[in-house]
Amino acid sequence: MKLSEGFTKKCDGVPLAIVAIASLLSTKKERVSEWKAVYNSLQSKLASDSHLKGYYQALSESYQDLSYHLKSCLLYFGLFPEQYAINCVRLVNLWIAEGFVDQSQRAVGEEYLAELIARSLVKVAYVNTYGRVRKCRVHDLMHDLIVKKCEELNFCQVKKGNPFCFDKWSRRLSIGTNVVFADLRISADRNQCSLLRSFLLYDIIDEEEMINTFVNSLFSNFKLLVTLDFENIRLGHLPETIGNFVHLKYLNLRRTNIESIPKSIGKLRNLETLDLKWTNVSDLPVEIYSLTKLCYLNVRTKVWEGVKLKRGIANLTALQKLALVDASDNVGELKNLKQLRSLKIKNVVGKDGMWLCNAIESMTNLCSLTISAKNNEILELESLTSPPLHLERLYLSAGSLEKKVPDWIFRLKNLIRLELGGFKFTQDELCLVGCYLPELMRLYVRQFEGDELNIQKEWFRKLRSFTLMDVGSTLKAIRIDAGSLPCLQYFSLPLWLWHLNPKVVQVPGHVRKLMPKKGQVLRNYAKTKREKQKL
């Protein structure tokens, strides 16, 4: 039964794969040993076995029908293990660094991925609440074909266990599962290392000291690297020799234990992507502002703190993503970053609101914007007269519950996600959002003030998620008209509202199904109360 489930998982819902493998198993005796042998040799049998030949031919023809760039993009999945769901942004950034996609045409990379998904060569692994594909992967038999093609074309070398022998032809090297760094030796012969351009680590569970030792030896050997990916690795130190990689375009340190960035990073004049999300880096050296080709800078720390901006950020005119930064001392220079598509900024003080609005008006390509006020500062955003027309995601925290929602928000016709904290959100604002933001899929409101919350039939035709964290003491009724919120999948109100008198909370059946049961609400409330008493 366990093997049957394994075969089913490898088929991944693809009808042709199910028929091909079932045909192969029908020729075998019903013995665990025989089925296990078939399971372990599926990759080698893919092209040779008569029962799998048709499936292999169908996959091969699908691959051969791709353009040159799409073939390279698909083969890149061979650097990752089976069932590995890769973040789509990470994947596109790797493609860009490899030269499969031009940096100035990032949207083309997203189109490449969309085409591979449309051809059923790549599967969607995770979609967020507003329908955007966040992670993707290839099914197991497709992965087997990709690995075979990678071997035929010397596209990459993947190490999954010991022993390991580095091939001098390797241009891309991926090291992962079941690797013991103590047994891993890579020759320092420069001729052997001359072709390597990309290096990835994944799923490494060795101790931090061992990984740091290996990385130090790596940095002394490979001088022509273009991409370095250490995501989710216990790496605690980035050597000063990182500055020797003058050709480096992509550096991913996400979810590592890195605490500081060496000043030598200023030598990486070709660097385009620097990902420090969920690290311990709280400060960046000023040398980083000499990286004029940098397009993607993500520096959010593990404790949701922002790295402080220093004077010089205006030099990074190629930036398309900047997150998460603390701009309490330096907002004025942001107006030079006209290519930004995503900006996440916190600790903005009230007096800088006008400067920030002027900067945002120059960012005509902006798609995602996050602004958070510092402590109890009252954020002034009314001076934004020409908001970016392409804005799709907006997150605002104003710092004062008395602040009125800025009028320019209701002109953002392409907005699909809106989160408001620290604003006075009333029935009037709810009406404007429902009527004038037709594409909205997610709405998050920190505080609602008023006697009645009423959602009418023609509002929120595409809304999938609605969260209301708190309501004022004056609220007397919640009414949602029948036929409204047809696409709603998630609905959250304060716990005490769920078990009010039905006359107070009037919602249609499909919305009521999303509500927790009264008993569960009371149990959750009691549990929270007990936990507070313990504290």
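Along the sequence shown, residues are numbered consecutively beginning with 1. Note: hydrogens, waters and symmetry copies are ignored here, and every other heavy atom, side chains too, is used.
- Exactly one residue among D229, N298, V281, I261 makes a side-chain contact (heavy atoms from CB on, under 4.5 Å) with L253. That residue is I261.
- Contact of the M142 side chain with the L74 side chain is registered, since non-hydrogen atoms from C-beta on lie closer than 4.5 Å.
- Ring geometry for Y84 versus F80: interplanar angle under 30°, hence parallel rather than tilted (30 to 60°).
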Please tabulate, for side-chain N and O atoms in residues 391-399, each donor-acceptor pair with protein atoms closer than 3.5 Å (sequence neighbours left out).
none

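- Separating the CG atom in L418 from the CG atom in L463 is a distance of 10.0 Å, to the nearest 0.5 Å.
- Partners of S465 according to the side-chain hydrogen bond (donor to acceptor under 3.5 Å, both in side chains) rule, which considers only residues two or more places apart in sequence or in another chain, do not exist here.
- Screening residues 248-285 for ring-ring contact (aromatic ring centres under 6.0 Å, His included) gives W278-W304 as the qualifying pairs, with residues at least two apart or on separate chains.
- The stretch residues 327-347 participates, sequence neighbours left out, in no ring-ring contact (aromatic ring centres under 6.0 Å, His included) pair at all.
- By the ring pair (Phe, Tyr, Trp, His ring centres under 6.0 Å) test, F245 is found to be paired with F219, residues two or more places apart in sequence or in another chain being considered.
- Inter-residue side-chain proximity for H69 and V101 is flagged as unmet; no heavy-atom pair is nearer than 4.5 Å.
- In this structure, I409 CD1 and L381 CG are separated by 8.0 Å, a value rounded to the nearest 0.5 Å.
- Residues in residues 92-109 take part in these salt bridge (charged side-chain N to carboxylate O under 4.0 Å, His left out) pairs, two or more places apart or across chains: E98-R172.
- Two residues are said to be in side-chain contact when any heavy atoms from C-beta on lie closer than 4.5 Å; L145 and S60 meet this criterion.
- Under the 4.5 Å side-chain criterion, counting only non-hydrogen atoms from C-beta, Y112 is not in contact with V92.
- For R442, the salt bridge (charged side-chain N to carboxylate O under 4.0 Å, His left out) partners at least two apart in sequence or on another chain are E419.
- Qualifying side-chain hydrogen bond (donor to acceptor under 3.5 Å, both in side chains) partners for R119, counting only residues two or more places apart in sequence or in other chains: D65, E115.
- Remark: N270 engages K293 in a side-chain hydrogen bond (donor to acceptor under 3.5 Å, both in side chains) (not counting sequence neighbours).
- In this structure, the separation between CZ on R197 and CG on L225 is 8.5 Å, given to the nearest 0.5 Å.
- In this view, Q105 satisfies the side-chain hydrogen bond (donor to acceptor under 3.5 Å, both in side chains) rule with no residue, not counting sequence neighbours.
- Under the ring pair (Phe, Tyr, Trp, His ring centres under 6.0 Å) criterion, F155 pairs with no residue at all, not counting sequence neighbours.
- Within the model, atoms CG of L200 and CG of N252 stand 8.5 Å from one another, a figure rounded to the nearest 0.5 Å.
- Evaluation of the salt bridge (charged side-chain N to carboxylate O under 4.0 Å, His left out) test over residues 251-272, restricted to residues two or more places apart or in two chains, returns R254-D275.
- The CZ atom of R464 lies 5.0 Å from the CE atom of M441; values are rounded to the nearest 0.5 Å.
- Atom CG of L79 sits about 11.0 Å away from atom CD1 of I175, to the nearest 0.5 Å.
- With hydrogens and angles left out, the side-chain atoms of S198 and T227 include a donor and acceptor closer than 3.5 Å.
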